[in-house]
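Residues take their numbers from the sequence shown, with the count starting at 1.
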Amino acid sequence: MSRKKAEKLIIVKYKALKRGSKFSKVIDLGIISSAERGKLTTVICCCNAAGSFIPPFFIFARERMQERLLDNAPPGSKGYCSSSGWTNGDIFLIWLEFFVEVRVGRTTPDKKIILVLDNHESHKYYPALKYATDNHIISVSFAPHTTHKIQPLDVSVFGPIKRFYEQEINIFQTNYSSRIINQYDVAKIFSPAYLIGATPHNAVSGFKCTGIWPFNLKIFVDVEFAPPSVTIRPLENSVVNSTSEVNEIEVNEVHSPEASNLESDLNHTLESLDTYQLETMVATTSSTPQQPIKNCTKVSPSDIRPIPKIDVMKISTRKRKTQRV
């Protein structure tokens, strides 16, 4: 495998961190779990098939960026702010500029880079795509609902980082039990977990396990492409045939004295009736309209619990009385 080719294949993935209890849980006695609902912080991670990582890019849920938010962050990290703490097209363009700045001189018209992305809407931002094309970056997107299988960062990198991040949160809350983790603590807590989990070995194994590099077309077996068992339902014809066979078997196996007595009584009753009575019975049966049989197998949730109606608020037309001074 050529190292130069591996360096040109780069994967990008986002990871959402919370300063609350999303990743902190009670795993043993004496471990404190925060009960406060924290703010979202996103970290954009990027690596290539040779095991090299781009410094993480933090996105904080606030209006203004301050340098002390990146205190004790991994070397070379950069931060930005958004109202929700999540990424968008403008922030993706800023990250691309940061990416080109870190990899300065490595992209030329003859040596382009393949940047593999997921289907997030920020990756469809036209100015960002144009900037990538101008800087000799080829953007490739994963197929929908496949990143859990073919995204190297999801397969082998974010798992260890998440596990070590939980450990760092537990250590922090044990040492500082009276403190609440805020945005200024996220980078310093994430840094040890990132440096332990984002290793060249994990990056290389992630590309190998997904079959991206070295390219392996047969990395997945046919069973993994099968539809989920929830959508597999028998055909209507097969159901009818099976029920009819069961009925035939049941009828053939019934040979009891009671059944024979019922049959003889029925024949005796038909013989006792005259022709006029039989014609009358047939006419009345045919004249009454038959109601269609409803299919009871299809039940909607509204049949079990009807949708409640919204009460329309009555608008009062009475005017407020003026108060005397």
A.B. asks: Roughly how far, to the nearest 0.5 Å, is the OG1 atom of T107 from the NZ atom of K111?
C.D. replies: 11.0 Å

A.B. asks: Heavy-atom distance under 4.5 Å between the side chains of Y80 and M65, does that happen here?
C.D. replies: no

A.B. asks: Donor-acceptor check, side chain of S77 to backbone of A73, threshold 3.5 angstrom: yes or no?
C.D. replies: no

A.B. asks: Does any non-hydrogen side-chain atom of D154 lie less than 4.5 Å from one of P152?
C.D. replies: no

A.B. asks: Find the distance between OH (Y194) and OG1 (T199) and round it off to the nearest 0.5 Å.
C.D. replies: 10.5 Å

A.B. asks: Report yes or no: do V116 and F215 belong to one cluster of Ile/Leu/Val/Met/Phe/Trp/Tyr joined by side chain heavy-atom distances under 4.5 Å?
C.D. replies: no

A.B. asks: Would Y126 end up clustered with L115 when hydrophobic side chains under 4.5 Å apart are linked, directly or stepwise?
C.D. replies: no

A.B. asks: Any salt bridge between R179 and D185, counting N to O under 4.0 Å?
C.D. replies: yes

A.B. asks: I'd like to know if L129 and L93 are part of one continuous hydrophobic network [Ile/Leu/Val/Met/Phe/Trp/Tyr, side-chain heavy atoms within less than 4.5 Å].
C.D. replies: no

A.B. asks: Dump the intermediate steps for side-chain contact (heavy atoms from CB on, under 4.5 Å) on Y131 and V100, then the final yes or no.
C.D. replies: CA-CA 10 Å; Y131 179 83; V100 173; 3.8 Å; yes

A.B. asks: Could you grab the distance from atom CZ of R103 to atom CG of N135, nearest 0.5 Å is fine?
C.D. replies: 12.5 Å

A.B. asks: For a 4.5 angstrom cut-off between non-hydrogen side-chain atoms, does F98 reach P55?
C.D. replies: yes

A.B. asks: With ring centroids as reference points, do F57 and F99 lie under 6.0 angstrom apart?
C.D. replies: no

A.B. asks: Indicate yes or no: at least one non-hydrogen side-chain atom of Y165 is less than 4.5 angstrom from one of I189.
C.D. replies: yes

A.B. asks: Rounded to the nearest 0.5 Å, how far apart are CD of E101 and CD of E97?
C.D. replies: 9.0 Å

A.B. asks: How about I59 and T41: do any of their side-chain heavy atoms sit closer than 4.5 Å?
C.D. replies: no

A.B. asks: Is there a path of hydrophobic side-chain contacts, each under 4.5 Å between heavy atoms of I, L, V, M, F, W or Y residues, that connects I212 with V155?
C.D. replies: no

A.B. asks: Is it true that H120 and S122 share a donor-acceptor pair across their side chains at a distance under 3.5 Å?
C.D. replies: yes

A.B. asks: I'd like to know whether L153 forms a side-chain contact (heavy atoms from CB on, under 4.5 Å) with C47, so could you lay out the CA-CA distance, the side-chain angles of the two residues, the decisive distance to 0.1 Å, and finally the verdict.
C.D. replies: CA-CA 8 Å; L153 289 171; C47 68; 3.6 Å; yes

A.B. asks: With distance as the sole test, does T174 use its side chain to make a donor-acceptor pair with the main-chain N or O of N170 at under 3.5 Å?
C.D. replies: yes

A.B. asks: Taking the side chain as C-beta and beyond, is there a heavy-atom pair between P192 and F164 under 4.5 Å?
C.D. replies: no

A.B. asks: Considering residues at least two apart in sequence or located in another chain, which fulfil the side chain to side chain donor-acceptor pair (under 3.5 Å) criterion with R68?
C.D. replies: Q66, Y184

A.B. asks: Will you find, in the side chains of N72 and S191, an N or O donor that is under 3.5 Å from an N or O acceptor?
C.D. replies: no

A.B. asks: Could you measure the distance from the CG atom of N88 to the OG atom of S83? Nearest 0.5 Å is fine.
C.D. replies: 8.0 Å

A.B. asks: Over 60° means perpendicular and under 30° means parallel, so classify the ring planes of F190 and F58, tilted if in between.
C.D. replies: perpendicular

A.B. asks: I need the I219 CD1 to K208 NZ distance, nearest 0.5 Å.
C.D. replies: 9.0 Å

A.B. asks: Determine whether L195 and F53 fall in the same hydrophobic cluster, where Ile, Leu, Val, Met, Phe, Trp and Tyr are linked whenever their side-chain heavy atoms lie under 4.5 Å apart.
C.D. replies: yes

A.B. asks: Using a 4.5 Å cut-off on heavy atoms from C-beta on, say whether the side chain of W95 contacts that of C46.
C.D. replies: yes

A.B. asks: Taking all non-hydrogen atoms of both residues into account, name the closest pair between F142 and N119 and its distance.
C.D. replies: O-ND2, 2.7 Å

A.B. asks: Are the side chains of N202 and P160 in touch, meaning some heavy atoms are under 4.5 Å apart?
C.D. replies: yes

